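Here the structure is laid out as structure tokens; the discussion comes afterwards.
As the structure is a prediction and not an experimental result, all values here were calculated from the model.
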Number of protein chains: 4
Amino acid sequence: MGTKAIKEKKSESIRRILGAATEIFAEVGFAGARVDEIARRSGVNKATIYYHIGDKKALYTRVIHDVFADMGKRIASNIGQSQSPEEKLKTYIHNIAFTLDQHPHIPQIMLREFALGGHHFPDVVTEDFVRIFGMLTEILEEGSRKGVFVDVNPFILHPMVIGPLIFHKNLEAIRSKLSQAPEMLKKLDALISNGVAEKIENFLLRAVKKQKNGD
Amino acid sequence: MGTKAIKEKKSESIRRILGAATEIFAEVGFAGARVDEIARRSGVNKATIYYHIGDKKALYTRVIHDVFADMGKRIASNIGQSQSPEEKLKTYIHNIAFTLDQHPHIPQIMLREFALGGHHFPDVVTEDFVRIFGMLTEILEEGSRKGVFVDVNPFILHPMVIGPLIFHKNLEAIRSKLSQAPEMLKKLDALISNGVAEKIENFLLRAVKKQKNGD
Amino acid sequence: MGTKAIKEKKSESIRRILGAATEIFAEVGFAGARVDEIARRSGVNKATIYYHIGDKKALYTRVIHDVFADMGKRIASNIGQSQSPEEKLKTYIHNIAFTLDQHPHIPQIMLREFALGGHHFPDVVTEDFVRIFGMLTEILEEGSRKGVFVDVNPFILHPMVIGPLIFHKNLEAIRSKLSQAPEMLKKLDALISNGVAEKIENFLLRAVKKQKNGD
Amino acid sequence: MGTKAIKEKKSESIRRILGAATEIFAEVGFAGARVDEIARRSGVNKATIYYHIGDKKALYTRVIHDVFADMGKRIASNIGQSQSPEEKLKTYIHNIAFTLDQHPHIPQIMLREFALGGHHFPDVVTEDFVRIFGMLTEILEEGSRKGVFVDVNPFILHPMVIGPLIFHKNLEAIRSKLSQAPEMLKKLDALISNGVAEKIENFLLRAVKKQKNGD
DNA sequence: GATGAATGAGGGTTCATTCAT
DNA sequence: TATGAATGAACCCTCATTCAT
């Protein structure tokens with residue numbers, strides 16, 4: 001029991017470290033993040049981070065992998081329950097949207113990582129990414145084979161899914177700079193209030209689905 | 001003419017500084033960039049950067065604003081020569097693609113900036129952005145009014161334009177990590193070789209255009 | 001005791017930093033002081049200074065306040081044991097002389113601070129100064145009330161106390177430049193060998209004390 | 001004529017440089033002064049300072065020597081017109097007070113130089129100082145020989161003259177920090193409004209003059 | 001498991017000075 | 001006479017990391 005209590009306590013530290021790290025990496029990126037600040041916001045001593053997790057790079061890996069691995073598993077399991085390619089594509093988009101919603105700081109990290117061309121990405125995270133991305137590839141191929149989708153390159157479609165999702169997460173920050181453009185503000189607010197995922201789904205399916213009259 | 005030669009020579013340093021800075025900010029981001037490295041790659045003394053331009057932040061602003069202002073002007077002028085909303089949307093996409101092509105390091109910087117929610121963005125750059133974005137908004141509204149476009153929120157469409165463009169620019173870096181997924185490599189290479197802009201245009205127009213039978 | 005030993009050891013670094021800093025600020029002033037040099041002379045790493053104390057300004061404040069606060073307390077306590085205003089004035093002068101003697105680098109710092117009009121002086125040090133100065137004011141007023149002192153403005157008397165004390169501390173440096181003036185050298189050496197504090201006391205008391213025949 | 005005009009113009013630059021330099025050295029000392037700032041306040045290009053005067057050290061020397069040489073000449077000439085030692089001492093004090101009044105930034109520079117033990121003092125300025133100081137020495141000796149002064153060491157008396165004068169010049173800066181000590185403020189203002197030089201003279205003469213009844 | 005102290009290696013910025021014009 | 005441009009050398013400060021306890 002004593003052991004358990006200690007373990008609980010340990011996990012508590014780790015949880016707090018990871019929480020603070022996720023926030024900060026999202027806010028300022030890997031290079032901009034300060035281990036001191038992560039320690040401060042965690043409420044733990046800086047050395048404790050090194051004790052439990054390792055150096056800054058390891059901490060970063062841990063933060064991202066935790067989310068990506070989870071997202072990959074969820075998509076895989078949910079897609080299995082869908083039937084048509086159309087359903088599966090919707091599931092794909094929905095699950096990514098859901099994960100980004102659950103982990104509100106991850107979109108920024110992902111975005112930044114793409115911007116860096118995977119500089120900091122450790123192999124384990126690249127594997128996560130390839131796994132997820134591979135599922136989209138399969139969905140599109142199946143749709144194409146079955147004659148319900150036009151041919152679409154997944155490297156074009158994927159950023160069209162995550163682009164608006166991530167963009168949407170960052171709109172709040174941009175909003176404050178739009179005061180002189182009320183017309184745009186209105187559109188922005190219309191988007192924020194309603195579900196973005198559905199909008200993206202509908203929009204992309206219009207482009208992906210083969211239209212009746214040949215096309 | 002002598003005066004002009006002098007002037008040219010005078011701004012040579014500035015040009016080299018901005019060139020090196022653009023590259024490096026793209027490669028490693030604002031926080032990751034080292035002023036020392038920018039000086040080294042410019043071939044000028046570090047203090048010369050401060051003499052001509054100012055501190056790191058000012059240098060960053062300058063680099064981005066130079067490109068954005070140019071992109072904004074080009075789009076505005078070219079759109080004026082287009083007739084139908086459909087043409088205008090194509091022009092919009094094409095001009096962004098062209099600018100990103102001319103300044104191969106900017107996509108990463110833009111991407112990162114969205115990731116930061118405009119943290120480093122000075123007002124002058126936000127204004128550039130709002131101007132460009134405003135043009136898309138008008139195109140979509142005009143198309144909607146004329147009954148040729150379905151209603152689309154520009155905050156969804158815009159990232160669908162730049163997302164794949166930027167993603168595409170960064171694929172080279174990801175490519176090296178895809179050795180275990182030959183299927184995906186093939187798709188990727190298919191995309192790299194052909195024009196992406198056209199693919200994006202065609203794809204998005206399928207979704208935007210009102211289909212004959214009502215829709 | 002173990003704890004105490006640890007504590008002692010802990011503050012060893014701080015003590016060395018403050019010692020070196022006091023010396024160097026005295027030698028070359030705030031602007032002339034180099035944090036690197038303070039670290040070198042302390043035998044600690046430069047970063048240790050920032051860890052324990054803070055930036056250069058904070059270090060300066062700490063150095064001065066430590067001495068001034070101590071001087072203020074000593075004067076207050078010793079004056080309490082004196083009876084006549086004359087005794088108290090002597091005590092005042094003596095205690096300042098003693099403190100400057102104990103902290104041989106402070107006179108220069110004080111002098112420089114007056115020269116800067118308190119530019120670098122943080123409020124906490126100004127308060128120390130006002131406290132000390134206030135004691136002189138009271139002494140003079142009491143003497144005046146009791147009819148043993150003529151009216152003297154403390155803002156004139158105070159610099160007459162510290163002026164020669166500080167000047168005296170700096171004579172060593174001037175000495176080397178007086179080789180062409182042997183007459184002056186003799187006077188100077190006469191002063192250095194004997195107690196200055198007494199000389200100042202006697203001299204100033206001659207001026208302050210009311211002379212028998214009215215005056 | 002052309003030459004003259006040019007010369008006038010040159011002198012103008014030099015005058016402005018020296019003026020700005022004097023102010024700035026007084027405000028922040030030698031180490032704290034910035035050549036850039038001196039150029040800015042002079043309204044001349046930085047390189048012009050080097051062209052006309054030389055490096056920072058030379059500029060400092062020039063600023064101080066200009067004043068000290070002048071002060072030395074004035075005292076020497078005026079003392080020659082005084083008769084008694086008492087008169088001469090008054091003249092000495094008055095002339096120093098006058099010079100400090102004419103050059104309101106010099107007191108701070110002098111003060112700082114004493115604090116540095118003459119670190120930056122070039123020989124030419126030390127000679128100025130020795131000359132001035134020598135005159136005081138002679139006055140005191142003459143007074144002693146003639147039986148009108150008690151024996152006083154000039155190294156004690158001199159700082160008692162300049163101490164209050166310089167202190168007085170800096171009171172304005174201290175004043176703002178005395179708001180909680182109204183009693184002291186009153187004394188301070190009493191001093192500022194009236195002539196300090198006379199107060200110092202009267203006070204010091206009380207101490208220096210031999211009193212009738214032996215003493 | 002946890003931490004206060006310490007530090008080597010830079011990081012951004014400033015500054016006195018020089019030089020071509 | 002005057003100056004814009006350029007720079008080497010520091011300078012203050014920060015940061016990721018380690019270690020004794």
Under 3.5 Å, which N/O atoms of the protein pair with N/O atoms of nucleotides 9-11 of chain F?
unit_1	atom_1	unit_2	atom_2	d
F:dC11	OP1	C:Arg34	NE	3.0

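In this structure, CD1 of A:Ile53 is placed 13 Å from P of E:dG1, rounded to the nearest angstrom. For the pair B:Arg15 CZ and F:dA5 P, the computed distance is 14 Å after rounding to whole Å. Computed from coordinates, the A:Ile38 CD1 to F:dT17 P distance equals 11 Å when rounded to whole Å. For the pair D:Leu59 CG and E:dT17 P, the interatomic distance rounds to 10 Å; values are reported in whole Å. The CD1-C1' distance, from B:Ile17 to E:dG12, rounds to 15 Å in whole Å. Rounded to an integer number of Å, the gap from CZ of C:Arg16 to P of E:dT7 is 9 Å. Between the CZ atom of A:Arg40 and the P atom of F:dT14 there is a distance of 15 Å, rounded to whole Å. Between the CZ atom of D:Phe30 and the C1' atom of E:dC15 there is a distance of 12 Å, given to the nearest Å.
The residue among A:Ile49 and B:Asp55 whose nearest nucleotide of DNA chain E is located toward the 5' end is A:Ile49. Between B:Gly43 and C:Gly54, the residue anchored nearer the 5' end of DNA chain F, judged by the nucleotide with its closest heavy atom, is B:Gly43. Between C:Tyr50 and A:Tyr50, it is C:Tyr50 whose nearest contact on DNA chain F lies nearer the 5' terminus.
In this pair, A:Phe30 and A:Phe25 present their aromatic rings parallel. The plane angle is below 30°, not in the 30 to 60° band.
For the pair C:Thr48 (side chain) and C:Val44 (backbone), a donor-acceptor distance under 3.5 Å is absent. Here the side chain of D:Arg16 pairs a donor or acceptor atom with the backbone of D:Ser42 at under 3.5 angstrom.
For the pair A:Arg62/A:Ile14, a side-chain contact is recorded, criterion being any heavy-atom separation below 4.5 Å from C-beta on. Put simply, the side chain of D:Ile64 does not reach to within 4.5 Å of the side chain of D:Val124, judged on heavy atoms. The closest side-chain heavy-atom distance from D:His103 to D:Thr22 is not below 4.5 Å. Between A:Asp36 and A:Arg40 there is no side-chain heavy-atom pair separated by less than 4.5 Å. Two residues are said to be in side-chain contact when any heavy atoms from C-beta on lie closer than 4.5 Å; B:Leu18 and B:Ile53 meet this criterion.
Note on D:Tyr51: a side-chain N or O is less than 4.0 Å away from OP1 or OP2 of F:dT1. Distances shorter than 4.0 Å separate some side-chain N or O of A:His52 from OP1 or OP2 on E:dA2. A close approach under 4.0 Å does not occur between any side-chain nitrogen or oxygen of D:Thr48 and OP1 or OP2 of F:dT1. Here B:Ser13 reaches the OP1 or OP2 of F:dA6: one of its side-chain N or O atoms lies under 4.0 Å away.
Ion pair B:Glu37/B:Lys46 not flagged as a salt bridge, since none of the NZ, NE, NH1 or NH2 atoms sits closer than 4.0 Å to an Asp/Glu carboxylate oxygen.
Helical stems in DNA chain E, defined as runs of 3 or more consecutive Watson-Crick or G-U wobble pairs with both donor-acceptor distances under 3.5 Å, are listed by first residue as E:2-21 with F:2-21.
Listed by chain and number, the residues in a side-chain contact (heavy atoms from CB on, under 4.5 Å) with D:Ala47 are D:Asn45 (sequence neighbours excluded).
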